[in-house]
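In what follows, a single structure is set out as structure tokens and then discussed.
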Amino acid sequence: MPERAIGIFDSGIGGLTVLKEISRLLPREELFYVGDTARVPYGTKSPETVRRYALEVAEFLVGQGVKMLVVACNTASAVALEPLASRFKIPVIGVIAPGARRAATLSRGRRIGVIGTEGTVKSGAYTREIHACNPDIKVFSAPCPLFVPLAEEGWAEHHIATLAAKEYLAPLQAQNIDTLVLGCTHYPLFKNTLHALLGESVQLVDSAEETAKAVVAQLPNVGANGSGQGRVRFFVTDVPDRFTRVGGAFLGTRLEGVTQIEL
Ligand code: DGL
């Protein structure tokens, strides 16, 4: 029996932060990654459109025989997780619940900030998941739309990023949050900028790290690749050039063999 891969997808490059954490924890697993680069961004689109896109990408990965689906996009996890989970028989893991659970566990003052795309914030998905853990927690959310292009420009630690973070985070700081969920694939790149701005008293929760732990926990149900080579294959829906260049910078390695697909 050939080893089956874990299927991971995102609207584009950002989900590579999730892939990076998964391959750090599971270096022998085969990973298939789809970046829907022809239709990125998802964060500004309607829930109906994002659901349709997510289902199409997931169909492709399931057609490749993956054993598990990781929705490595916060916006798609926020609006499409249930339709995906009911459509497919394999486990479907999103990034929202793992990040929300971690934040609910960490927050001592029960005041959590959530930052994400417009779509993620509007969906209220993080708030629902945090309240499912503890309904007494106060959740304050803010979209940070400029963070996505800033990260892709390589400016997550540039002074422009600090200025944008100051503006976006001011309303959350005013609410005395003690925990901040980085609820978008690109935001882990802003950890240093956010730490410098918010100080030690605010703990940052990286949904990518928490999702990778959830994948590890799910693995015994679908079979681990003890003998796998840790091969990673990348698929994109637009020409690969930009994905290869910017994605390589995100991952800190060269991306080899990126294949363009049509959905
Ligand atoms: N991957 C998206 C997310 O985590 C950010 C980029 C986009 O808007 O498509 O929500």
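All ligand and atom numbering here is 1-based and tracks the order in the structure.
Taking every non-hydrogen atom of G43 and a distance limit under 4.0 Å, the qualifying atoms of ligand 1 come out as 7 (C), 8 (O), 9 (O). Taking every non-hydrogen atom of V40 and a distance limit under 4.0 Å, the qualifying atoms of ligand 1 come out as 9 (O). Less than 4.0 angstrom separates some heavy atom of S11 from each of these atoms of ligand 1: 1 (N), 2 (C), 6 (C), 7 (C), 9 (O). Listed by atom number, the atoms of ligand 1 under 4.0 Å from T117 heavy atoms are 5 (C), 8 (O), 10 (O).
At a 4.0 Å cut-off, at least one heavy atom of C184 sits close enough to ligand 1 to count as contact. Using a 4.0 Å cutoff on heavy atoms, P41 counts as a contact of ligand 1.
Surrounding CD of Q229 are at most 12 heavy atoms belonging to other residues, nucleotides or ligands under 6.0 Å away. Atom CD of E167 sits in a sparse spot, with 12 or fewer heavy atoms from other residues, nucleotides or ligands closer than 6.0 Å.
A salt bridge is defined here as a Lys NZ or Arg NE, NH1 or NH2 lying under 4.0 Å from an Asp or Glu carboxylate O, and E29 with R24 fails to meet this definition.
Looking only at heavy atoms of the protein, atom 10 (O) of ligand 1 is closest to T75 OG1, 2.6 Å. Closest to atom 1 (N) of ligand 1 among all protein heavy atoms lies D10 OD1, 2.7 Å.
Across all non-hydrogen atoms, the minimal contact from F250 to H186 is CZ-CD2, 3.5 Å.
With atom 7 (C) of ligand 1 as the reference point, the heavy atom nearest to it among Y187, F147, Y42 is part of Y42. Of the candidates T17, N74, T120, V71, the one placing a heavy atom closest to atom 4 (O) of ligand 1 is N74.
In terms of modelled atom types and a separation under 3.5 Å, the side chain of Y187 and the main chain of G116 share a donor-acceptor contact.
When each of L55, V57, I90 is checked for a side-chain contact (heavy atoms from CB on, under 4.5 Å) with L84, only L55 meets the rule.
Remark: D10 CG to I13 CD1 distance equals 9.0 Å, nearest 0.5 Å.
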